[in-house]
A.B. asks: 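Below is the structure I would like to discuss, written out as structure tokens.
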Amino acid sequence: MTFFTKFCIPFIVGATVMFTVLAIKYIAWLRNLPKSDWRLIAKNFFSLRTVTALWEVVSESLLHRRIFKVNPALGYMHMSLAFGWFLLIAVGWAETVAYLGMRWVPLQGHVFFKYFAALNNISAHNPTFDFVMDLLLLFVLSGVGMAWLKRVRSRILGMRKTTKHVAFDRIALSALWFVFPMRFIAESVTAALYGGGGFLTSGMGAILNKIASNDVLHHIYEPAWWLYSLALGVFFVAMPFSRYMHIFTEIPLIFLRHYQLRPEAMEKSYDNFEVEACSRCGICIDPCQLQSQLGINDVQSVYFLRDRRYNMLQQKIANNCLMCGRCEQICPVGINLNTLRLNSRSSMRNIPHEGRYNYLRDIDKSSGEGKVGYFAGCMTLLTPNTMSSMHNIFQAAGEDVWWADRDGGVCCGRPLMLSGEMDSAQKMIDYNKALFTKHQIKSLVTSCPICLKVFREQYNINDIEVLHHSEYILRLIQQGRLKVGHTKDATFTYHDPCELGRGCGIYDEPRAVIKAVGELLEPAHTGKNAFCCGSSVANTAISDAQQLSIAVKVAAELEDTGAQTIVTACPLCKKAISRGAQRKVVDLSEIVAQSIK
Amino acid sequence: MINFGFSINRARTIDLDRNNLRKSNEIIGEMPELQACIGCGSCTASCTAGNLTEFNFRKVHTLVRRGEYQGAYEEMNKCMLCGKCRLVCPRGINTRGIVMLIKRKLGDF
Amino acid sequence: MKRSSWTDYQKEIADDNYYYARSCIRQNFFPGSEKVFLDIVGRDLGRNIFDDPKHTSCTGIGYHSDVVPLETIMTVVARQFALMSEAGYENFTSSCITSFGIYTELLATWEEFPEMEERTREYLYKATGREFTKPKNLAHTSDVIFHHREEIARKAKRKLINTYTGEPLKVVEHIGCHYAKIFPKKGVGGSEFPYVLAGMVESWGGEIVDYPERRHCCGFGFRNYLVQANRGYSITNSHKKLESMAPYKPDFIVCNCPGCSMFLDKWQYTIAEMEGTTYGQNGAGIPVLTYEEMAGLVLGYDPWELGMQMHQVDVEPLLDKMGVEYDPTAKYLGKNGRFLGRPQKALVNSCIEEAIYKTSNRR
Amino acid sequence: MKHVIVIGGGVAGMQCASELLRQNIAVTIVEKQQCIGGKIRNWHKLFPSFTPADEVLAAMQQKLTTHNNLTIRTGCEATCITPQKVTLSSGEELRCDATVIATGFTLFDATVKEEYGYGIYDNVITSAELEQMFNEKNVHLKQGGEPKRIAILHCVGSRDEKVCQRHCSKVCCVTGVKQAIELKKMFPTADVFNFYMDMRMFGPGYEEMYREAQTSHNIHFVRGRISEVSPTFNNRLQIKAEDTLTGRPLKMGVDMLVLLVGMKANAHNTTLAKDCNLTLQPSGFMQPKDSFLGNVASNVEGVFYAGAITAPKNIGESINEGTAAARGVVEWLEKR
């Protein structure tokens, strides 16, 4: 039996190129993984994690469960293409086995089975397989149809904006769009000439027989298969260089992620898996307030990852991000978008500078002591109401407090980290750590979520418990050390600060505190979906007017709840939202201090 | 050369004819809002680093605009990027962006 | 440029009968200048001028260096005025710009605060038994030369013209801060566009260079020079002025004030030694003249009689340009023809000993 | 019919006259120049809206042309003013029922600030001359060619005790910004520097225009007064100032220096005050009866003020005072 004919060449070449490039890339990335990452892989390989990873591959890479959650139509589109194609391959393989038994058949023999079946005069047809294969083809074609539609009108599929693509993507995309229609045509022509095929291809074959003579069909028979093979070949060649790299890359990524590998403050080899696992689906575009509110269209994570992958990332793109985490939260591939952006910034800007901040050496004139250290944070110094409220709360609870930065302190280092200057940030971290150690505090309370995040993640002060003031206040209330009065007709709405909510996972504590003093009304976007106030220190690109525009929108949504007071738990959010709000904007501590019994 | 026990001081004058204004123009070109500074000094007054050192953001960026680059990079390096200045600037200048831009133009990244 | 504003600052200058007060710096560093001034006024112009051996320093240097109190200087000045009246003169003329500034300042002070004048009279009487009358006319000696500039021009033997090219010589003038910056109305032409020296230069055929730092201090600045630690400040200011005038390629600098003549001249040497910079057309320095020397050259005096060998920067290139006949070998000869010795060679007085001065090829 | 004499035919006088005419009062305008209009005649555009001065002037003149009860006496000055009678420089006496003084101000003579070199160096011009150049659409250097760097100096003859002008002339800051924008529009590649002591953007839209000048037109503002101007070797002007915001002396060569000349009280005010028993302010401007309740009244009943005769004012304020003075006159005539 022959399983080769000339039109297979594009397919064979394409497949060879694709698998070679994939192999080179993956081997290189894996080889460059740091030792620590390899140890993690070794540790977790023979564990339940491999099984759960496998399940995630099925549910995400094939079924696209997470996209379904975002939008069922979009989920169906992705699933039809991924899962449909997978099934076509799997069932196609089973089909060859069914026809030919367990024997070795070259790859093209499986792919172009319908052609070779005719060529090798396998005349017995299996209607079940014919039906299933046609059904699957229809399934995939429906996805392709939806993809076409999405290009024209993305809103139909629930997306306000869809991704703008680069050349490789366009080539691969065009080829992909042709693959299945061409397969449909080639198999239909085959069915018309040689019979067989399920309801779809034989149906189409019958139509073809009616409208065209046998002669004509014979003439287009070979070209149709050629085109199908060409489309496949082109797609395969373009694939490792285009967004479709994600099809395969997502699989090792899922495993590595299950083995606890994560991107870090500095770029490393693992990042390649995350960067190239991005399918550029564009789901990250819609939640981005820079897009929805300011109409900035070229900075979103999809473009950031694309630019980074092709080594064309510019600072103005890397810097223009609020790092609110709304996109990371929704990303169907689960890419650590914030961390990747941070380590890109770091690669661009982190200049180790020995002498920098040497002035921190002899400035410590701090005094006082206490079990609890209170670090207001730079921004909190501009919201003195928060500080005096905290003072009252500490007093009411009889807490023994040491004020770390009442007369001005050293920045926590997070803003520098966010701008990518990790080495410099470390100097601040070292200074503050030494300060905390010197005063022998047992726990550290801060009013600033920006500080909180860096204290928790970078400070490594394991013997000091780091608390946000919302957590601390809630604890005081629960322990009965702080008695607050509940006012029924006091209505509050709560704005989740990005660094507190998505950043540190603190959603419930502030709400519990608010409920202890009054009624809480939730805005339309809340919790994990909460908006960013717009003034994020992570963004150094947008203007004041743009910040204000975001703040006005956020404030309007909060005011729509009808609450009398807008509560937040971050000095920066408070400052930002106050600018856009008509109603009173306060820090969580303020409403607590006012309700102390 | 004879050492007389005193020296000829470098002129403190900002000489706009001698200063090379190319980088200054590039900086203003990228962020024209810097020109909106009215010298109120809020940034320096609230500055976390300025509380600890002689760092004066307003003065340094003004000098940079006049083509006086010497020492500006090192001065800007004192900034902790905490962002208080941006919150208090009455002209809404993106001060943190300015710090980063000046460092980018005068430094090596 | 339209230079007309000087006409707003005219002052009255006596025509004859001057009481002459010498200058500390000028008589020490440019003694020929004071001598020639007396000669010009007395002999060439035929005016009466009295050089009184009894008068003293005005103590202005001490005053501006915060070591002489106001009351003291007032009494010293009062004594000078007393000497003037005793000698039968009413027109006071001083050789020094700082003295001129002091006299002007104190007369104005007495005008504003008559009780201070009364007290000064009392001090003077107690100390010396003298009484004084204020001068009817106060002029700096450059004012006197300015006043007679046209007469001098008529008697001129030479003009301020480059005899090689026939072009007017380019002259930088420096009037000295105390001449008109304190009381602009008391100086010819005021302080912004001073005319006292410019008038002489123009009358005698030269051309004035108006350069950006024209009004800047020469760098002396009293305690800025007198306290050694501050000398860097002094020389920096001279440096600034010289840098500013250099592009105009001036043929010489003419100074009003003895201190300025000294510092613009001698700091050129110091700057050359400190950083190797020399000014002037051939890198041998810009000659610095007093206005008396300039007048003397115009009237045909011998440069060595004018005391020009006392300068730090060699004047020979200028003399050659002007077509002044002089004996190069007589430069360092004393009054009785005895060789005085020569200064060590330096960057700004490097004129070759045996002088290959270009005396030919003149127009 | 009542008859009111308005002395001065600038915007304040014209507005006052037209308001009085509307009330059926006969008006005589006494104007020193050969035609009415005042200083706005030589102005190009008005801040902050860049309204052509012609438009404002034409609209005001339009209001006057239709009236028969108006007499305009040009080319003559008033020497003595009482509510009943105005004596002209020719000796002629005009009878009336009330008088309004709207003689405005005198532009500061920039030659007095000798150190700025006005009248000495070719390319030192006043703001008024620049407006004239704008009007002629011919802004150029004396020696020909376009300026590459222009400095605009604020407060020339304002806030300067050395020239006995202690007061602020109020409108120069805004004019400086306006002219800087106009220059920048004309010469986009030129650098324009404004040297100011304080920016007094007191009116509506002024601050916005200032910001616009800074960020959209890249006009440089240096806080510091120019101390002196000298010629440079290559025929430019070297200016020196202190950049007070950096605490450093600053110098640069410029091709053109525009002096924003301030408003000086008319020299005539002194004799007027003496001869007519009117009160003068230390600044030389006339003293209104009260700063709040009698802005347009003088200390002499029946003699009113309008416009910059009492203090520096902008065009809008002067026009408003014309209206207010007319109202004051009417009230006073009714009371009598």
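Order of the sequence lines sets the chain letters (A, B, ...), proteins ahead of strands, with each chain counted from 1.
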A.B. asks: Which is it for D/Q143 and D/N235 under the side-chain hydrogen bond (donor to acceptor under 3.5 Å, both in side chains) test, yes or no, and what are the steps along the way?
C.D. replies: CA-CA 10 Å; D/Q143 68 272 23; D/N235 249 327; over 6 Å; no
A.B. asks: Using a 6.0 Å distance limit plus a 45 degree cone around the ring axis, check whether D/K178 lies over the aromatic ring of D/Y206.
C.D. replies: no
A.B. asks: For D/F105, does the six-membered ring have the charged nitrogen or CZ of D/K39 within the cation-pi criterion, i.e. under 6.0 angstrom from the centroid and within 45° of the normal?
C.D. replies: yes
A.B. asks: Would you mind telling me which of B/E33, B/R65, B/E68, B/R66 has the largest number of heavy-atom pairs within less than 4.5 Å of chain D?
C.D. replies: B/R66
A.B. asks: In this structure, is the centre-to-centre distance between the rings of D/F221 and D/Y210 below 6.0 Å?
C.D. replies: yes
A.B. asks: Counting heavy-atom pairs under 4.5 Å to chain B, which of D/N218, D/I219, D/T244 comes out on top?
C.D. replies: D/N218
A.B. asks: For chain D, which of B/R18, B/Q35, B/M31 has the most heavy-atom pairs under 4.5 Å?
C.D. replies: B/Q35
A.B. asks: Pick one of side chain, backbone, both or neither for B/I28, based on which atoms fall under 4.5 Å of a heavy atom in chain D.
C.D. replies: side chain
A.B. asks: Can you say whether B/L34 sits under 4.5 Å from chain D via the side chain, the backbone, both, or neither, judging by heavy atoms?
C.D. replies: neither
A.B. asks: Could you tell me the separation between the CG atom of D/D255 and the CG atom of D/L141, rounded to the nearest 0.5 Å?
C.D. replies: 5.5 Å
A.B. asks: Is D/D243 close to chain B through its backbone or its side chain, or both, or neither, when contacts mean heavy atoms under 4.5 Å?
C.D. replies: side chain
